[in-house]
Amino acid sequence: MPLTNLRNIGIAAHIDAGKTTVTERILYFTGVTRKLGEVHDGQATMDFMKQEQERGITIASAAITCQWNNHQINLIDTPGHVDFTLEVERSLRVLDGMIALFCAVSGVQPQSETVWNQADRYKVPRLAFVNKMDRTGADFYEVLGQLNKELDAHALAFQLPIGAEDNFVGMVDVIEQKAYNFNNETRIEVPIPADLVEPAREARLAIAEALSDFSEEIMEMFLEDKEVPTELMKRVAREATIKLSITPVFCGAAYKNKGVQLILDAVVDYLPSPLDKGAVIGLDVDDPEKTRSRKPSSKEPLSALSFKLIHDPYVGQQTFIRIYSGELKSGMGIMNTTKGKPERVGRILRIHAKEREDITVAGPGEIVALIGMKYTKTGDTLCDPEHPLHLESIHIPPSVVELKILPSSRKDQSKLGEALAKLTSEDPSFKIRYDEETEETVISGMGELHLEIIVDRLKTEFGLEVIVGEPAVAYRETIQTEREANHRYVKQSGGKGQFAHTILRVEPNPGKGYEFVDRIKGGAIPAEFITSVNKGILKTLETGVLAGFPVVDVKVTLLDGSFHAVDSSDMAFQICASMCFKQAFMKGDPQLLEPVMKIEVSTPDDYIGDIVGNLNKRRGRVESMRRHRKGSQKLNGYVPLVEMFGYSNSLRNLSSGRANYSMEFHQYMPVTKSVQEDVLKKLAEKKRAEQGR
């Protein structure tokens with residue numbers, strides 16, 4: 001199939017806007033499935049994880065291939081819940097186009113905005129589909145207005161709904177000036193209803209006027225009041241959509257099978273092929289200042305990006321990749337430039353949700369799964385060893401909620417370690433660390449639901465029962481002032497002694513992470529032990545100094561030291577550096593940082609005062625309020641995560657269940673002195689209680 005006939009698309013939106021239902025209808029109408037799977041009865045094809053079927057939500061973005069009008073569509077269904085925002089992030093990184101779904105009743109919801117901003121970050125062209133037009137309160141024109149006002153989407157109505165709520169029967173295609181009704185799964189062309197003839201004509205003129213900015217030909221016709229031919233209009237609309245200059249808006253009711261075939265036509269008509277997206281730009285491996293480009297052609301050297309890992313019980317680890325250029329063949333030797341390691345391609349699979357098809361070769365634009373990758377993780381670049389390059393990786397947000405877990409039986413400790421290692425390789429936003437003092441494993445992730453799913457998977461996939469602690473906030477530690485420390489580590493206990501001596505300067509390094517600078521002169525410490533000093537500090541950063549939380553944003557300079565020709569060793573310098581760093585850190589006015597969340601609340605006007613008051617009590621800061629729909633407002637602000645546990649119940653009580661909210665990680669910020677003292681006191685009490693058990 002020619003590259004012009006390939007579409008890599010995703011469906012993304014706020015939770016419950018109907019993404020998986022739309023996907024199921026697409027699979028049905030493209031012949032991939034014989035019957036319709038429903039989310040509410042746990043039968044959705046794309047939601048094949050047990051946890052997805054139980055909760056009726058999508059957790060892992062699943063890739064599937066289907067055909068429509070002689071075009072191949074690679075479709076990725078993404079989750080809407082904010083705890084799985086990384087799934088959306090990594091899908092958008094490799095997609096060429098997107099259907100952004102909006103509920104006709106709720107309009108632009110908090111998570112829709114997050115997804116829209118993610119699509120902007122990766123410059124993904126998109127169509128908007130206003131779903132659930134058959135629901136009470138559905139208002140297509142209100143949602144169209146919100147798209148422009150709240151998302152600055154340059155949204156244009158490419159369809160007008162015929163009726164709404166119980167009277168929704170179909171839609172008018174504005175460009176072709178045709179109307180469609182639906183009889184079960186069949187679309188039927190009908191005359192445009194009399195009350196929509198004039199609005200449909202005006203909507204076509206509005207599109208022509210908007211497109212005149214991108215085409216002189218349309219500009220002339222528009223100024224001369226001439227009818228713009230349909231084909232010209234479609235061609236220019238496609239170009240404008242691909243440049244992110246407009247967002248075509250469509251409507252329907254996926255659950256009632258209305259409008260799905262037309263959105264598939266729109267994917268073919270307006271979303272880009274890999275050729276439209278053009279060459280991918282990467283960095284030169286030897287000189288990161290230089291760039292390298294790869295055109296989407298099988299004649300170019302191979303370049304691909306790994307965007308997801310899944311551990312399949314039948315075939316082992318599947319590494320999902322998007323190929324940008326060149327051809328990939330099974331048995332071929334390739335290079336992982338991110339890790340600097342060679343890999344050999346085992347099997348290549350094309351995925352149909354649960355089903356998989358073995359293929360021997362895959363070309364540019366394809367999304368396939370590889371079996372047999374040893375080193376490759378999410379965000380790694382795979383390429384031809386003779387023509388290496390680095391592709392832009394995937395933005396991974398920090399984990400903000402922690403949970404202590406223990407295997408219910410001590411003999412399962414190593415089994416738990418193996419299971420967690422597999423889960424972290426699948427999901428880079430999931431982290432694990434071991435607390436030496438309490439001998440507990442601490443897992444951290446994007447939110448409570450994220451960790452709940454992980455614990456559930458340990459039970460169902462790995463057969464592990466675990467004892468789970470209370471969710472806690474993942475704080476960070478840093479310092480506020482520059483300090484030096486001088487530490488000599490000497491140990492004589494019969495046999496070979498231990499000796500190391502380091503002088504370190506530790507200073508704040510806001511927003512730049514950890515930096516290590518070597519200022520040793522005249523061989524005061526040999527080069528191999530300087531590496532040991534860095535290793536010792538890195539280990540200490542992970543376990544923390546003040547309260548056992550990871551240390552961030554510090555710059556450490558090794559100023560001086562000494563060694564012993566016989567007694568100095570790698571371990572001695574690691575221990576010495578760790579102790580020296582801790583001394584300097586504790587003198588440097590140590591400070592806790594807490595995750596602060598960006599929150600958005602949609603609420604009827606009646607409850608706004610109570611909701612603002614409640615957020616203020618939670619140390620929240622309200623930034624803005626704006627009219628959302630008639631009689632309702634949208635409130636934006638920032639709140640520390642620690643104050644947000646149990647917020648959904650409070651909001652439900654404050655608003656009689658009529659307000660909803662969404663939050664996402666904003667940044668780590670310093671806590672006040674009184675809050676820090678309170679946190680440290682509670683942690684000390686908790687530790688004493690655990691030790692007394």
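Quick note: residue numbers are just sequence positions, from 1.
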Might you work through the side chain to side chain contact (heavy atoms under 4.5 Å, CB included) test for Y255 and E24, ending with a clear yes or no? CA-CA 9 Å; Y255 184 60; E24 289 301 322; over 6 Å; no
Start with the C-alpha distance between K673 and D678, add both sets of side-chain angles, then the distance that settles salt bridge (charged side-chain N to carboxylate O under 4.0 Å, His left out), and finish with yes or no. CA-CA 9 Å; K673 209 166 184 61; D678 195 37; over 6 Å; no
Show the numbers, then the answer: is there a salt bridge (charged side-chain N to carboxylate O under 4.0 Å, His left out) between K617 and E643? CA-CA 9 Å; K617 267 191 218 161; E643 305 289 350; over 6 Å; no
Go through it in stages, so that I can follow the logic: the residues are F549 and L592, the test is side chain to side chain contact (heavy atoms under 4.5 Å, CB included), and I'd like the CA-CA distance, side-chain angles, deciding distance and then a yes or no. CA-CA 9 Å; F549 297 107; L592 282 183; 4.0 Å; yes
D120 vs N117, side chain to side chain contact (heavy atoms under 4.5 Å, CB included): CA-CA, chis, key distance, verdict: CA-CA 5 Å; D120 279 342; N117 294 337; 4.3 Å; yes
Evaluate side chain to side chain contact (heavy atoms under 4.5 Å, CB included) for N660 paired with V601, printing each intermediate quantity in order. CA-CA 6 Å; N660 64 53; V601 184; over 6 Å; no
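Salt bridge R619/E594: present, at least one basic N to carboxylate O contact under 4.0 Å. Between K256 and D134, at least one side-chain N (NZ, or NE/NH1/NH2) sits under 4.0 Å from a carboxylate O, which counts as a salt bridge. The pair R201-E198 meets the salt-bridge criterion, since a charged nitrogen lies less than 4.0 angstrom from a carboxylate oxygen. A salt bridge links R433 with E402: at least one charged nitrogen is closer than 4.0 Å to a carboxylate oxygen. The pair R187-D265 counts as a salt bridge, with a side-chain nitrogen and a carboxylate oxygen less than 4.0 angstrom apart. Between R135 and E165 no salt bridge is recorded (no basic side-chain N to carboxylate O distance below 4.0 Å).
Under the 4.5 Å side-chain criterion, counting only non-hydrogen atoms from C-beta, L262 is in contact with Y180. Contact of the V22 side chain with the I99 side chain is not registered, since no non-hydrogen atoms from C-beta on lie closer than 4.5 Å. At least one side-chain heavy atom of L615 sits under 4.5 Å from a side-chain heavy atom of L635. Y141 is listed as a side-chain neighbour of L160, based on a closest heavy-atom distance under 4.5 Å. L651 is listed as a side-chain neighbour of I611, based on a closest heavy-atom distance under 4.5 Å. The side-chain heavy atoms of M98 and I9, taken from C-beta on, include no pair separated by under 4.5 Å. Contact of the T241 side chain with the T247 side chain is not registered, since no non-hydrogen atoms from C-beta on lie closer than 4.5 Å. K178 has its side chain out of reach of V172: every pair of non-hydrogen atoms, C-beta onward, lies at least 4.5 Å apart.
Judged by distance alone, with hydrogens and angles left aside, the side-chain atoms of Q633 form no donor-acceptor pair with the main-chain N or O of T603 at under 3.5 Å. Counting only distance, with no hydrogens or angles, the side chain of K258 and the backbone of F168 share a donor-acceptor pair below 3.5 Å. Judged by distance alone, the side chain of T478 and the main-chain N or O of V552 form a donor-acceptor pair under 3.5 Å. T30 places a side-chain N or O within 3.5 Å of a backbone atom of L27 that can act as its donor or acceptor partner. A donor-acceptor contact shorter than 3.5 Å links the side chain of Q177 to the backbone of V174. At distances below 3.5 Å, not a single donor-acceptor pair connects side-chain atoms of R25 with backbone N or O atoms of V260. Looking at D610, its side chain never comes within 3.5 Å of a backbone N or O of S655 through a donor-acceptor pair. Looking only at distances, no side-chain donor or acceptor of Q591 sits under 3.5 Å from a matching main-chain atom of Q480. Between the side chain of N183 and the main chain of T186, no donor-acceptor pair closer than 3.5 Å is present.
Relative to the six-membered ring of W116, R126 meets both conditions, a distance below 6.0 Å and an angle of at most 45° to the axis.
Rounding to the nearest 0.5 Å places CD of E477 at 12.5 Å from CG of D553. The distance from the NZ atom of K123 to the CG atom of D96 is 15.0 Å, given to the nearest 0.5 Å. How far NZ of K634 is from CZ of R626: 5.0 Å, rounded to the nearest 0.5 Å. Atoms CG and CG, from N8 and L95 in turn, are 6.5 Å apart once rounded to the nearest 0.5 Å. For the atom pair CZ of R457 and CG of L423, the computed distance is 5.0 Å after rounding to the nearest 0.5 Å. Here the CZ atom belonging to R621 is positioned 11.5 Å from the CG atom belonging to N616, to the nearest 0.5 angstrom.
Nearest heavy atom pair, residue S399 against residue S444, reads OG-OG, 3.3 Å. Listed here is the closest heavy atom pair of N131 and A254: OD1-N, 3.0 Å. Listed here is the closest heavy atom pair of M133 and A138: O-CB, 3.4 Å. Looking at every heavy atom in both residues, A155 comes nearest to L147 through CB-CB, 3.9 Å. Taking every heavy atom of both residues into account, P125 and L271 meet most closely at O-CD2, 3.9 Å. Here the closest heavy-atom approach between residue P193 and residue I162 is recorded as CG-CG2, 3.8 Å.
Using the six-membered ring where Trp is involved, Y270 and F158 have ring planes that are perpendicular, over 60° apart on the 30 and 60° scheme.
There is no side-chain donor-acceptor pair under 3.5 Å between N636 and E623. Between the side chains of E185 and Y28, at least one donor-acceptor pair of N or O atoms lies under 3.5 Å. Donor-acceptor pairing under 3.5 Å is recorded for the side chains of R618 and N614.
Taking the six-membered ring wherever Trp is involved, the centroid distance between the rings of F102 and F129 does not fall below 6.0 Å.
The environment of K431 atom NZ is dense: over 12 non-hydrogen atoms of other residues, nucleotides or ligands sit within 6.0 angstrom. Heavy atoms from other residues, nucleotides or ligands lying under 6.0 Å from CG of D195 number more than 12. The 12-atom threshold is not exceeded at CD of E470, counting heavy atoms of other residues, nucleotides or ligands nearer than 6.0 Å.
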